[in-house]
Amino acid sequence: MTMKFSQQHKNIFVIVTSILYALLFVYAAISKLLDFENFQVQLGQSTLLSAFAGLFAWIVPATELFIAFLLISKKWRLIGLFLALCLMVMFTAYIYIILNYSSFVPCSCGGILEKMGWREHLIFNSVFIILAAAGILIQAGMVPKGHLISKPAVLASAFLITSLFSIGVVVFLFILSEDIIEHRNNFVRRFSGKAAKVNEINLQFNSYYFAGTMKDKIYLGNYTAPLKITVFDTLLQKRDEFKINPTRTDFPFQSVQVRILPPNFYLIDGSVPVIYKGLTKDWKAYVKWNGINTFSHYQLVDSTNLVFRSNSGRKGESVLGSLYFGDQPRLHLNEKLLQKQIDGIFDVDGTLHYDHELQRLVYIYLYRNEFIVADSTLNLSYRGKTIDSVSKVQIKVATITSRAERKLAAPPLVVNKASAVFKNLLFVNSALLGKYEPSEMWKEASIIDIYDLNTNSYKGSFYVYHIKNEKLKSFVVLNDNFYGIIGKYLVSYKLNKRLINTYQNKK
């Protein structure tokens, strides 16, 4: 009578375990399907599954429902318990990697399970793994002696294979997804860390631009007052203003801008063209160079060298060049760096940067997902890709014959709105919404993507929020500080260490 009662309890345990699993999987699957868009977004941010979010958004709930069906069937219950164990071990391995190796912790469950913390989730899963294992042992004990699964060695091997297979699949997905996201990204962003807003200053006017930085100062120029310099400390608490005093003012200036490379400052107008140089201690500007080759989009390499974009040849197509403006000026053009797709002018429009620590020139295209990395002598290092899919410029160019002018005939598709370089990281203000991203955020914030120039890989993204419907216009990065101009406001953000943990000084 005792043995019969014990067997009855074993049957009840297996049935209850199967029902609990079935209810859990059905509930989780339905929750995911009812909030499918949000679930897909969460998978898109997952460390393991971001590269496969579109596929796994359907596979996971479908698998959960299939296993639930097997568990409620007496004939297929043992297989159902093994698959439930397999799936639960996968979930547990997933959580372990999230907690120990992930730079971002997403949510992957729907309903009430979403309120559970990840460590609580780990305990919850461990309990269900024990239930499944106990259920399998009891169910296998009910199988006739001649059946293969009734043998202890076979059963132990089945447990081992199930566990190793489950963990192996998760580890494989983690490694593969990391490689795809960093090097073969299909436009899935990973918000691996946050940027916390620290300060906001009303500049009163929207005509300011970043003229340069040093370790404890931020320099702003002003388009409408080109001789005015505004200097902030890095906390944006102390403000000073200076006026540049040029020794000559008889040039036909058109687009004067200031560049700061401490202890020197430079007053430059590439349309004249002329370069002034002076010291920031007195702000007196002396003509250093006055030539005939016009240029734009310039950046200083050192005290007597700059890189720029100019126009060359019979068709006036854009090229990148370098200028030594010391005692014996020298000009060098490289007509192969910029790659023409349509007209060689508008289609190669972009932003030029120079990183003094890596001694690398970086040119990022405005209308396509590509950037160029070269050394200070304009020798190509490599051509990199941003994570979006726009590889072909989408612009229309019209020619006004009477004026011999070319203009954009329609609004172009902008890909990379603004950018900055600090040490080995390239920061890009993308103009495009990625896969699985909530469209509501697009109305509230600008997205900054980060790329490692040393490894040519994508590292993560973060948000910079709009101010009074004004979007981010330009920005610079200094160590873990992000400074942006939004309308007439100067803002500062503190970057999470996860965003900049790949800072290096190696060339």
Side-chain angles (χ1 to χ4, degrees), residues 41 45 104 189-213 216-226 228-241 257-258 260 351 353 364 366 386 388 411-422 425-434 437-451 460-500:
V41 168
Q45 299 304 313
F104 175 74
R189 286 193 175 94
R190 178 175 296 161
F191 292 88
S192 51
K194 294 182 179 180
K197 190 173 183 179
V198 177
N199 207 344
E200 174 185 310
I201 302 295
N202 188 342
L203 298 172
Q204 304 301 325
F205 302 99
N206 63 359
S207 53
Y208 286 91
Y209 64 90
F210 290 105
T213 63
D216 57 352
K217 289 185 174 64
I218 307 297
Y219 295 89
L220 300 183
N222 193 313
Y223 291 114
T224 58
K228 178 182 176 182
I229 293 295
T230 303
V231 185
F232 284 94
D233 68 335
T234 53
L235 297 177
L236 304 188
Q237 294 180 348
K238 182 181 178 182
R239 174 174 179 166
D240 293 306
E241 293 190 351
Q257 288 190 34
V258 180
I260 309 292
T351 307
H353 304 282
I364 182 163
L366 192 61
T386 54
D388 63 86
L413 175 65
V414 177
V415 176
N416 304 305
K417 294 170 64 176
S419 52
V421 173
F422 186 74
L425 296 186
L426 168 65
F427 299 79
V428 180
N429 176 203
S430 175
L432 301 177
L433 191 67
E437 292 176 15
S439 57
E440 294 78 12
M441 284 302 301
W442 199 247
K443 301 174 184 178
E444 299 179 9
S446 298
I447 296 176
I448 308 296
D449 300 323
I450 306 174
Y451 301 88
S461 303
F462 63 93
Y463 290 115
V464 175
Y465 289 86
H466 306 330
I467 299 177
K468 297 181 179 179
N469 296 321
E470 291 282 353
K471 299 180 180 180
L472 181 68
K473 183 173 63 174
S474 61
F475 61 92
V476 294
V477 178
L478 186 61
N479 293 312
D480 60 348
N481 297 306
F482 176 97
Y483 301 94
I485 293 178
I486 304 176
K488 60 182 181 179
Y489 292 91
L490 172 64
V491 299
S492 65
Y493 280 73
K494 183 67 68 174
L495 301 180
N496 187 290
K497 289 183 179 179
R498 289 175 176 172
L499 293 170
I500 54 174

Next on the checklist: Applying side-chain contact (heavy atoms from CB on, under 4.5 Å) to I364 and T386, what does each step give before you reach the verdict?
Outcome noted: CA-CA 9 Å; I364 182 163; T386 54; 4.2 Å; yes
Rounded to the nearest 0.5 Å, how far does [atom2] of [Y] lie from [atom1] of [X]?
X: E470; Y: N206; atom1: CD; atom2: CG; result: 7.0 Å
X: T351; Y: N416; atom1: OG1; atom2: CG; result: 8.0 Å
X: I467; Y: K197; atom1: CD1; atom2: NZ; result: 4.0 Å
X: E200; Y: Y493; atom1: CD; atom2: OH; result: 8.5 Å
X: R189; Y: Y463; atom1: CZ; atom2: OH; result: 8.0 Å
X: L495; Y: K194; atom1: CG; atom2: NZ; result: 14.0 Å

Heavy-atom closest pair, residues [X] and [Y]:
X: Y223; Y: Q257; answer: CE2-NE2, 3.7 Å
X: G221; Y: A211; answer: N-CB, 3.9 Å
X: S419; Y: H353; answer: OG-NE2, 2.6 Å
X: V414; Y: L432; answer: O-CD2, 3.9 Å
X: I218; Y: D233; answer: CG1-O, 4.4 Å
X: K417; Y: L366; answer: O-CD1, 4.1 Å

Between side-chain atoms of residues 474-489 and protein atoms elsewhere (two or more places apart, or another chain), which donor-acceptor pairs fall under 3.5 Å?
from	atom 1	to	atom 2	distance (Å)
N481	OD1	K494	NZ	2.8
Y483	OH	T234	O	2.6
Y489	OH	K468	NZ	3.0

Next on the checklist: Tell me whether F205 at atom CZ has more than 12 heavy atoms from other residues, nucleotides or ligands lying less than 6.0 Å away.
Outcome noted: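 At most 12 heavy atoms, drawn from other residues, nucleotides or ligands, come within 6.0 Å of this atom.
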Checklist entry - When you look at CG of N202, are more than 12 heavy atoms from neighbouring residues, nucleotides or ligands closer to it than 6.0 Å? => result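 Yes, enclosed.
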Next on the checklist: Is it the case that the side chains of S207 and N222 hold a donor-acceptor pair, with the cut-off being a distance below 3.5 Å and no angle test?
Outcome noted: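 Their side chains do contain a donor-acceptor pair, which is all the 3.5 Å distance test asks for.
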Next on the checklist: If the test is side chain to side chain contact (heavy atoms under 4.5 Å, CB included), which one of L220, I260, V258 qualifies with F210?
Outcome noted: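 When side chain to side chain contact (heavy atoms under 4.5 Å, CB included) is applied between F210 and each of L220, I260, V258, only L220 qualifies.
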Please tell me if the side chains of [X] and [Y] come closer than 4.5 Å, counting only heavy atoms from C-beta onward.
X: R239; Y: L203; value: yes
X: D388; Y: D449; value: no
X: L490; Y: F232; value: yes
X: Y465; Y: V491; value: no

Checklist entry - For Y208, which residues count as a side-chain hydrogen bond (donor to acceptor under 3.5 Å, both in side chains) partner, sequence neighbours excluded? => result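 Partners of Y208 by the side-chain hydrogen bond (donor to acceptor under 3.5 Å, both in side chains) criterion, ordered by chain and then number, come out as K228.
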